[in-house]
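So that the names make sense, note that chain A is the first sequence line, chain B the second, and so on, each numbered from 1. Values below: all heavy atoms of this structure, side chains included; hydrogens, waters and symmetry mates excluded.
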Amino acid sequence: MFVLAPEMTSTLQGKNTAGQVLADQDPKAARQAVAARNNGRLLDLSAPVDPQAELTPVLPGDPEALEVLRHSAAHIMAEAVKELFPGVKVAIGPAIEDGFYYDFDYERPFTPEDLPAIEDKMREIVKQNASFECEAWDRGKARQHFADQGEQFKVELIDGLEAEEVGIYRQGGFTDLCRGPHLPSTGRLGAFKLTSVAGAYWRGDEKRPMLSRIYGTAFFDKKELKQHLALIEEAKKRDHRKLGRELELFSFHDEIGAGLVVWHPRGMILRTIIENLERSEHLKRGYSMVQGPQILKRELWERSGHFDNYRENMYFTEVDEVAYGLKPMNCLAHMLIYKSKLRSYRDLPLRLFELGLVHRHEKSGVMHGLTRVRAFTQDDAHLICRPDQLETEILGVMAFVTDFMELFGFEYSLELSTRPEKSIGSDEDWERATAALTKALITSGKKYDINEGDGAFYGPKIDFKLTDALKRSWQCATIQCDFTLPERFELSYIDRDGEPKRPVMLHRVILGSIERFIGVLVEHYAGAFPLWLAPEQVRVLTVTERADEWAQEITQALIDADLRAEVDLRNEKLGAKVREAQMMKVPYMVILGDREVEERQLTPRLRNGKNLQSQTLEKFINLLKEEQAEPMRLLRQRAREGRGTEG
RNA sequence: GCCGGCGUAGCUCAGGGGUAGAGCAGCUGAUUCGUAAUCAGCAGGCCGUUGGUUCAAAUCCUACCGCCGGCUCCA
């Protein structure tokens, strides 16, 4: 039950508090409220309100409520840690997407074994039900307070603030610099759990000290916490690294090296389906296929700027005493293809597409299954065009990306990334490039965020972040505008007026890395691929060996019809065969017993456990063919419509 | 690269100073069976690699390699 602690009112300036006003408006809501919304701001219930503006309660179902709860949980955790580990220094502790964390500096890093004791201490604090009290302190006083306690991180934070007054929150014996708002009291923290420990640099800067971070999550009630933990379990089941092994798609090997994928037959057929689709879709959209070599002379990388700006990510070697670099990007060969003959303004845009294998030296701690590797294949293209064609080309790529995202059932969001610190090219070129991307974004009418300083070293970019079935987001497509490489490689075309002009270039990928994309796809579909992508589309199962002959005939007919079918003639019970096909997530099984043999029919079983009516082989093949072709039909239809609107 | 955890059979995991274990998978045989595991037998390991401590190391310590969770970076 929520009651304003009497001492809290003493800090107020004689005004009505949010809690009191809410209690007058709606006593029931006031009791449940964790904070209040007033004048577009979130307030503590103990805070004075602007009487002119509307006041609404923040109730447990609201998204902001969870943030308040988790932020308060972080404070409670910090108090617990300070009590248990004297001398520990606190850094920052925000609420995050699905929980909270707090960073600490202690004589040793925390380990998972420390967590139960911290949780127990937190429960004690929750039981004490101390109120969260907010005070506004003069910055000098606050600075002195934290300096006296040796809390150098807090001091640094205060020094970075502009305001003359800073917010100070207290609960029990713990005082923290904080903007708030917080729960009325610690007792309102319903269900929480500390989940992991990790190292984290102070302010995310590699050059600054590494702190010890404790992650946790919190909810209003135990049921929600349980659901959340179940969701994490579900995500684990979908983990592409686990499914990749179980479904025999790919593997990694110590003996081969970190971040280097080995594709097994089932994974390779999946890749091939996607790559073949890419090839045909690119050809249909006016691209040409090309391919460059894996190693190119270092001198060329120096010329492009990669040696100066990307060296630490590259692998170098020597051939006959000449230095070579293994390609981390595909653009150089494409530049030379452009330069191989004189180009007319009529030839543009030139769209060069390459499924290019690139190698990048990633730091040892960052590899992650297929989503972060050291060798990967980009569905890369370079669009070399006249300046007046730039916007149309960008829009064309955006439409291409949209078509593919819809094909796989992904949502996505857009980000515009601007000039980074380490970069090449003139200010004017960066401005022109950024303006072109911005203009295309505006024309497209799509919403986008701006990511300052996150562009490639040679140009700004639009990134597409796709969201998978578990609401996680992944970088896939990117469009990068580049005025610099055409300059460095002295690309030109002869314009209408007979004068040589400098073209502009776009770097772009649609799926990004085929490896990463397949990793994301595996998790998105939980390994149960739609028919057109399934490595094995049909498995033919016999009840007894009397059906062997019919089974082999059917299997061959399916293969002849370009379907991916396998047959299980083993001396096993049908239940065992079904189970194995089910675990491999094969979309269709075909059951063959004496009945089917006699009638020259087959009984299809779907992945969801349902049987279809027994039917002829011809009918079954038609069914599969149609289901397989449907996504492609929709893709082509969308592509045609898209082209129409672009003119 | 940094912080923490981990590395035992193809897979999932037990064993934690006295010389290696289970289930599943594999192989062999029997069984001919109707929708998520038929039965029996057999075989399988330089306990990630390398140094060291010890009479003795899968077990304790060093360093490498790799994996997992984060940080930083990124397709």
Using the [atom1] atoms only, state how far [M] lies from [N], rounded to an integer number of Å.
N: B:A57; M: B:G17; atom1: P; result: 14 Å
N: B:C68; M: B:U28; atom1: P; result: 35 Å
N: B:G45; M: B:G4; atom1: P; result: 36 Å

If I take atom [atom1] in residue [X] and atom [atom2] in nucleotide [N], what distance separates them, rounded to the nearest angstrom?
X: A:Lys363; N: B:G69; atom1: NZ; atom2: P; value: 19 Å
X: A:Met367; N: B:G70; atom1: CE; atom2: P; value: 16 Å
X: A:Glu580; N: B:C24; atom1: CD; atom2: P; value: 13 Å
X: A:Leu606; N: B:A36; atom1: CG; atom2: C1'; value: 15 Å
X: A:Leu260; N: B:C65; atom1: CG; atom2: P; value: 14 Å

Can you tell me whether the side chain of [X] and the base of [N] have a donor-acceptor pair closer than 3.5 Å?
X: A:Glu596; N: B:G34; result: yes
X: A:Arg516; N: B:C74; result: yes
X: A:Tyr201; N: B:G70; result: no

Check this for me: does any side-chain nitrogen of one of A:Arg203 and A:Asp205 sit under 4.0 Å from a carboxylate oxygen of the other?
no

Would a line drawn from the ring center of A:Phe307 to the ring center of A:Phe316 be shorter than 6.0 Å?
yes

Quick one: label [X] by what it contacts on the DNA or RNA (base, sugar-phosphate, nothing), any heavy atom closer than 4.0 Å.
X: A:Tyr215; result: sugar-phosphate
X: A:Gly204; result: sugar-phosphate
X: A:Asp205; result: nothing
X: A:Asn611; result: base

Kindly assign one of parallel, tilted or perpendicular to the pair A:Tyr315 and A:His361, based on the angle between their ring planes and the thresholds 30° and 60°.
perpendicular

For the residue pair A:Tyr106 / A:Arg108, report whether a side-chain donor-acceptor contact shorter than 3.5 Å exists.
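No pair is found: no donor N or O on one side chain lies under 3.5 Å from an acceptor on the other.
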
Output the residues of residues 225-242 of chain A in contact with RNA chain B, where contact means a heavy atom of the residue under 4.0 Å from an atom of the strand; sort by number or write none.
A:Arg241

